[in-house]
Enquirer: 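The structure under discussion is supplied below as structure tokens; questions concerning it will follow.
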Amino acid sequence: MQEKVKVEETPDSLRLFLSKFTKEYMLVFAILILGLIFTIVSPYFLTITNIRNILTQTSALAIVAIGQAMVLICGAFDMSLGQNVCLTSCLAAFLMKMCGWNPWLAILAALALGAFIGFVNGTLISYLGVAPFVATLGTQMICKGSAKLITNASPIPSMPESISWIGRGNIGGSNGLPICIVIMLLLFFLFAFVLKKTKFGRRTYAAGGNKEAAYFAGINVKMHTTIVFTLAGLLASFGGIVLLSRLNSAAVTNGNLYEFDTMISCVIGGISMTGGKGKIWQAFFGAVFLTLFFNGMSMLNVNSFIQDVLKGAILIGAVLLDIFRNRKR
């Protein structure tokens, strides 16, 4: 009798698993379909070199998207991440090239600055009651102006060879696996584990789902939100270092519009803007989809202005999709 029950339950269990997988990771299928379309249209798309390029281009954005994902799950958002990337990469380059600092000390200073920017955001929002949009938009403008002051709005080229491996090194020779991709994947595994298996992760979801209930459950919501913003700032600066090493140059355009790109990546991946819902890997697939889409557009010689229009349309579409998902629930 028991064996019969098991046989009857298996199709339902499989159906439930597939239903859940397609809801949470439907973007995986979208990536495959988009890749198939671009492969048919362009013979140069589905090559090992181009796939490596797509993942390499995704690496810095995806690392920053981890921070944005955690902030969204915690029930807020961060508009300063792109300029955090810009300022911290410019600071590291300035300290290395203009001040003669040891490259690793310069990187540590940049990471500390990135974490501090996140801490300021979290403090303004949690303890002083400033709206996330206002607080992070203010720090965004401060970072943007500071980056221009540091660099005099001029690029700083040719980073030291000792840090070139971060963004341009490969495992297994020149045609091997880029190290920046490995770093990106390791960070996603780490933070996926943290959010799913640790007390910190459970508190993040609780704070984003219902702050009042989280408070009465004994969670210091203000402190936790500040820590999440600090981590997001740290990850933004880390993404800035990866981008600096990959481009071998610091400029005020580094990380341009990353705050929007990371938000698009998270929301189209399935992370809700209302807080308390989503998984870190959804941000990864969203970032891959975004890079894949615009890589294909570039290969098809689509006008860059049209690409900007499409990016705006994707953002609006992602927000509408999030609203529809929440209404359905």
Side-chain angles (χ1 to χ4, degrees), residues 56-68 71 78-124 135-169 178-180 183-184 187 229-263 265 287 291:
T56 300
Q57 290 169 23
T58 304
S59 58
L61 174 64
I63 290 169
V64 182
I66 296 173
Q68 186 75 276
V71 171
D78 194 337
M79 296 291 293
S80 69
L81 293 178
Q83 294 307 316
N84 187 329
V85 169
C86 175
L87 175 57
T88 52
S89 61
C90 287
L91 175 67
F94 178 80
L95 293 176
M96 285 185 276
K97 298 290 291 184
M98 306 302 178
C99 301
W101 280 36
N102 178 285
W104 298 107
L105 284 178
I107 287 173
L108 284 176
L111 293 175
L113 176 60
F116 178 72
I117 293 167
F119 173 78
V120 170
N121 284 332
T123 302
L124 289 172
T136 58
L137 186 62
T139 51
Q140 178 198 81
M141 296 174 71
I142 292 170
C143 290
K144 187 174 183 178
S146 300
K148 289 180 178 179
L149 285 171
I150 289 173
T151 63
N152 198 27
S154 300
I156 303 177
S158 305
M159 296 300 106
E161 284 297 318
S162 59
I163 66 164
S164 63
W165 62 270
I166 299 174
R168 287 173 284 137
I179 292 174
C180 60
I183 293 172
M184 170 187 70
L187 284 172
F229 269 97
T230 303
L231 281 173
L234 178 64
L235 285 162
S237 60
F238 195 92
I241 297 303
V242 171
L243 187 64
L244 172 67
S245 175
R246 184 170 70 81
L247 298 178
N248 198 30
S249 174
V252 293
T253 55
N254 282 18
N256 187 38
L257 297 179
Y258 267 27
E259 60 273 11
F260 293 108
D261 291 348
T262 53
M263 198 172 297
S265 299
T291 307

Enquirer: Any idea which heavy atoms bring S164 and E161 closest together, and the distance?
Expert: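 Nearest pair, atom of S164 first, then E161: OG-O, 2.8 Å.
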Enquirer: Within a strict 4.5 Å, meaning less than it, do heavy atoms of the R246 and Q57 side chains meet?
Expert: yes
Enquirer: Could you grab the distance from atom CZ of F116 to atom OG of S237, nearest 0.5 Å is fine?
Expert: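 That separation rounds to 13.5 Å.
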Enquirer: Can you confirm whether F94 sits close enough to T151 that some side-chain heavy atom of one is under 4.5 Å from a side-chain heavy atom of the other?
Expert: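 No - every pair of side-chain heavy atoms lies 4.5 Å or more apart.
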Enquirer: Using 0.5 Å steps for rounding, measure from the OG1 atom of T139 to the CZ atom of F119.
Expert: 13.5 Å
Enquirer: Can you find a pair of side-chain heavy atoms, one from T136 and one from L81, that are under 4.5 Å apart?
Expert: no
Enquirer: What's the verdict on side chain to side chain contact (heavy atoms under 4.5 Å, CB included) for I150 and L87, showing C-alpha distance, side-chain angles and the deciding distance?
Expert: CA-CA 8 Å; I150 289 173; L87 175 57; 3.6 Å; yes
Enquirer: Closest approach of A147 and C86, non-hydrogen atoms and distance?
Expert: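 Taking every non-hydrogen atom into account, CB-SG, 3.7 Å.
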Enquirer: Could you go through the side chain to side chain donor-acceptor pair (under 3.5 Å) check for S80 and N121 one step at a time?
Expert: CA-CA 9 Å; S80 69; N121 284 332; 3.0 Å; yes
Enquirer: Once side-chain hydrogen bond (donor to acceptor under 3.5 Å, both in side chains) is applied, do any residues pair with N248, and if so which ones, sequence neighbours excluded?
Expert: R168
Enquirer: Is any side-chain heavy atom of F238 closer than 4.5 Å to one of I241?
Expert: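 Side-chain contact under 4.5 Å: no.
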Enquirer: To the nearest 0.5 angstrom, please state how far the CD1 atom of I166 sits from the CG atom of L243.
Expert: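 These two atoms lie 12.0 Å from each other.
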Enquirer: Roughly how far, to the nearest 0.5 Å, is CE of M79 from CE of M141?
Expert: 11.5 Å
Enquirer: Testing the basics here: between S265 and L61, what is the closest heavy-atom pair and its distance to 0.1 Å?
Expert: OG-CD2, 4.3 Å
Enquirer: Can you name the nearest heavy-atom pair linking A106 to A92, along with the distance?
Expert: CB-O, 3.7 Å
Enquirer: Do S158 and K97 have side chains that get closer than 4.5 Å, going by heavy atoms?
Expert: yes
Enquirer: Looking at G114 and N84, what are the two nearest heavy atoms and their distance?
Expert: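 Looking at all heavy atoms of both residues, the closest pair is O-ND2, 3.4 Å.
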Enquirer: Can I get a per-line list of side-chain donor-acceptor pairs under 3.5 Å for residues 251-260, giving both atom names and the distance, sequence neighbours left out?
Expert:
residue, atom, partner, partner atom, Å
N254, ND2, S249, O, 3.4
E259, OE1, G82, N, 3.3
E259, OE2, Q140, NE2, 3.2

Enquirer: When you compare the side chain of I163 with that of W104, does any pair of heavy atoms fall below 4.5 Å?
Expert: yes
Enquirer: Would S154 and N152 count as having a side-chain donor-acceptor pair, cut-off 3.5 Å?
Expert: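 No, no side-chain donor-acceptor contact under 3.5 Å.
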Enquirer: Are the side chains of V71 and M263 in contact, using a 4.5 Å heavy-atom criterion?
Expert: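 When only atoms from C-beta onward are counted, V71 and M263 do not touch, as no gap falls below 4.5 Å.
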Enquirer: Might you point out which heavy atoms bring L91 and A110 nearest each other, and give the distance in Å?
Expert: CD2-CA, 4.1 Å
Enquirer: Quick one: OG1 on T56 to CD1 on I179, what's the gap to the nearest 0.5 Å?
Expert: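 Interatomic distance, T56 OG1 to I179 CD1, rounded to 0.5 Å: 11.0 Å.
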Enquirer: V64 and side chain to side chain contact (heavy atoms under 4.5 Å, CB included): which single residue from V242, L235, D78, V85 fits?
Expert: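 Per the side chain to side chain contact (heavy atoms under 4.5 Å, CB included) rule, the option paired with V64 is V85, out of V242, L235, D78, V85.
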Enquirer: Kindly compute the distance separating CZ (F229) from CG (L234), expressed to the nearest 0.5 Å.
Expert: 15.0 Å
